Amino acid sequence: MAKGLAFVALSLIIGVLQSANAEVPAIFILGDSTVDVGTNNYLPDSNITANFPHNGVDFPFQRATGRFSNGLNTADFLAKFFGFKRSPVSFLSLNGTLAIKKRRFRGVNFASAGSGLLDITGQTSTQKANVVPMGEQVYQFSMVYNDLVASKGTSEAQSFLSKSLIFISVGSNDIVGNHYSKNPIPKEQFIPNLAVVYEKHLRNLISVGARKFGIISVPPVGCCPSQRVSANGECLKELNDQAEAFFSTMDTLMRNLSYENKDIKYSLGNTFNITKPVIDNPQNSSFTDVKNACCGNGTLHCTPLASLCSNRHKYLFWDLFHPTQAASRLAASILFVGDSRFATPINFSQLAEA
């Protein structure tokens, strides 16, 4: 199924790119390590980083940029499908200067590995700047809005942002963090709580010009190599159940939010439905290993001393938690052109035209 989907998705992407009329002036990315391009490199106290080998082994010049991947991640591929070279750079790498007037401004990446919807996610009692939580990312977006208004004027800035795309990939760390906490909150209470916080962040983004949202829901996190260790090699069902519940809750949230705000357009990506069939039936995909990590072999973290697989394009997982470049490409391509099983009510390519 997945192998066929990949071929169909590639064919559709080529067709979409050839016929696309809508120009996307900028892309803004918020979230966690699935779309982070090096934010945590600029947090001196953070211990959640990937700016060292073997990370980046397939990135141009084998650079370890801070992406938790052997190469590009989902944010990069989505950006490429919209005509960008790759994801915009990290907000923190700009040193507070967006240079909007000096060159064509095409967006920013705010995502921070380890972060979540909740401010406490990814933080420790001794390291308050371990990650950039979602609330802070939204605040950084508002700073960009203010700079755009100062440079272009309010009307032009709002027009610019109304045509831009906002990609958000977050929630996994909140779910995993709660599951392993000393006093985990039951799913029936915790997932709705996350939705309340998510809605607050979305409303704050809307208040400063965001109009088109590509929401990437939580994948089957219970099937990551890190979780299989505690489930005798199998997927951890409780985490996967929470991931599915999160998507259902987000579906309702986005429907209600778009009904209330008529000028809001969105695509809700179902990465659970994209990934789980590959894990359940790898023989139907291009992947031969859907359980183990390419770097670290599923039991150790990816470090310069960790073992490294040679056939990286055949692995679904790069390390204990993250997808390989090949898996990220597959996910992004299906989000871009997939049907309602994978993106609703429209896909990401249609979002640009909406």
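Since we're looking at a predicted model, the values are computed, not measured. Throughout, residue positions are numbered sequentially from 1 according to the sequence presented.
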Applying side-chain contact (heavy atoms from CB on, under 4.5 Å) to Ile191 and Ile175, what does each step give before you reach the verdict? CA-CA 8 Å; Ile191 299 301; Ile175 290 173; 4.2 Å; yes
Can you list the steps and then say if Trp318 with Cys302 is a side-chain contact (heavy atoms from CB on, under 4.5 Å)? CA-CA 8 Å; Trp318 165 241; Cys302 184; 3.7 Å; yes
Within-4.5 Å side-chain heavy-atom neighbours: [X] and [Y]:
X	Y	value
Arg86	Pro60	yes
Leu351	Phe82	no
Ser258	Tyr266	yes
Met134	Leu30	yes
Gln242	Val218	no
His301	Asp319	no
Leu78	Val35	no
Phe317	Lys291	no

Atom [atom1] of [X]: over 12 foreign heavy atoms under 6.0 Å:
X	atom1	value
Lys85	NZ	no
Tyr139	OH	no
Ile185	CD1	yes

Under 6.0 Å from the ring centre and within 45 degrees of the ring axis: does the NZ or CZ of Arg67 meet both conditions for the six-membered ring of Phe59? no
If I compare all heavy atoms of [X] with all of [Y], which pair ends up nearest, and what's the gap?
X	Y	result
Pro192	Lys187	CD-O, 3.7 Å
Ser230	Tyr180	OG-OH, 3.5 Å
Cys224	Leu320	CB-O, 3.5 Å
Pro220	Ile279	CG-CD1, 4.2 Å
Val24	Arg106	O-NH2, 3.3 Å
Phe52	Ala64	N-CB, 3.3 Å

Same hydrophobic cluster for [X] and [Y], using side-chain heavy-atom links shorter than 4.5 Å among ILVMFWY?
X	Y	result
Leu43	Leu94	yes
Val290	Leu308	no
Phe272	Leu117	no
Tyr145	Met143	yes

Any chance you could measure [X], atom [atom1], to [Y], atom [atom2], to the nearest 0.5 Å?
X	Y	atom1	atom2	result
Leu330	Thr275	CG	OG1	7.5 Å
Arg228	Cys223	CZ	SG	5.0 Å
Ile48	Ser33	CD1	OG	8.5 Å
Glu23	Ser164	CD	OG	9.5 Å
Thr39	Asp32	OG1	CG	11.0 Å
Ile216	Asn270	CD1	CG	11.5 Å

Taking [X] for its side chain and [Y] for its backbone only, find out whether a donor-acceptor pair lies under 3.5 Å.
X	Y	result
Thr324	Tyr315	yes
Gln123	Ile120	no
Thr49	Asn51	no
Asp36	Ala113	yes
Asn70	Val57	no
Ser207	Asn204	yes
Ser267	Ile346	yes
Lys314	Asp289	no
Gln325	His313	no
Asn73	Ser328	no

side-chain contact (heavy atoms from CB on, under 4.5 Å) between Ile29 and Val37: does it pass, once the steps are laid out? CA-CA 10 Å; Ile29 299 162; Val37 296; over 6 Å; no
Phe141 vs Phe28, test: ring-ring contact (aromatic ring centres under 6.0 Å, His included). Steps then yes/no. CA-CA 8 Å; Phe141 182 91; Phe28 299 93; 5.2 Å; yes
The single option from Ser69, Ser169, Ser172 that satisfies side-chain hydrogen bond (donor to acceptor under 3.5 Å, both in side chains) with Thr34 is Ser169
Ionic contact status for Asp76 with Lys80, cut-off 4.0 Å: no
Carefully, step by step, assess Leu257 and Tyr198 under the rule side-chain contact (heavy atoms from CB on, under 4.5 Å). CA-CA 11 Å; Leu257 195 62; Tyr198 210 141; over 6 Å; no
Assess the cysteine pair Cys295 / Cys309: is their SG-SG separation shorter than 2.5 Å? no
Per the ring pair (Phe, Tyr, Trp, His ring centres under 6.0 Å) rule, which among Phe213, Phe336, Phe167 passes with Phe348? Phe167
So, using ring-ring contact (aromatic ring centres under 6.0 Å, His included) as the criterion, who are the partners of His54 when residues are at least two apart? none
Hits for ring-ring contact (aromatic ring centres under 6.0 Å, His included) against Phe110, two or more places apart or cross-chain, chain-then-number order -> Phe91
Excluding sequence neighbours, so at least two apart, what forms salt bridge (charged side-chain N to carboxylate O under 4.0 Å, His left out) with Glu199? Arg203
Given side chain to side chain donor-acceptor pair (under 3.5 Å), test Thr121 with Asn173 step by step and report yes or no. CA-CA 7 Å; Thr121 300; Asn173 293 325; over 6 Å; no
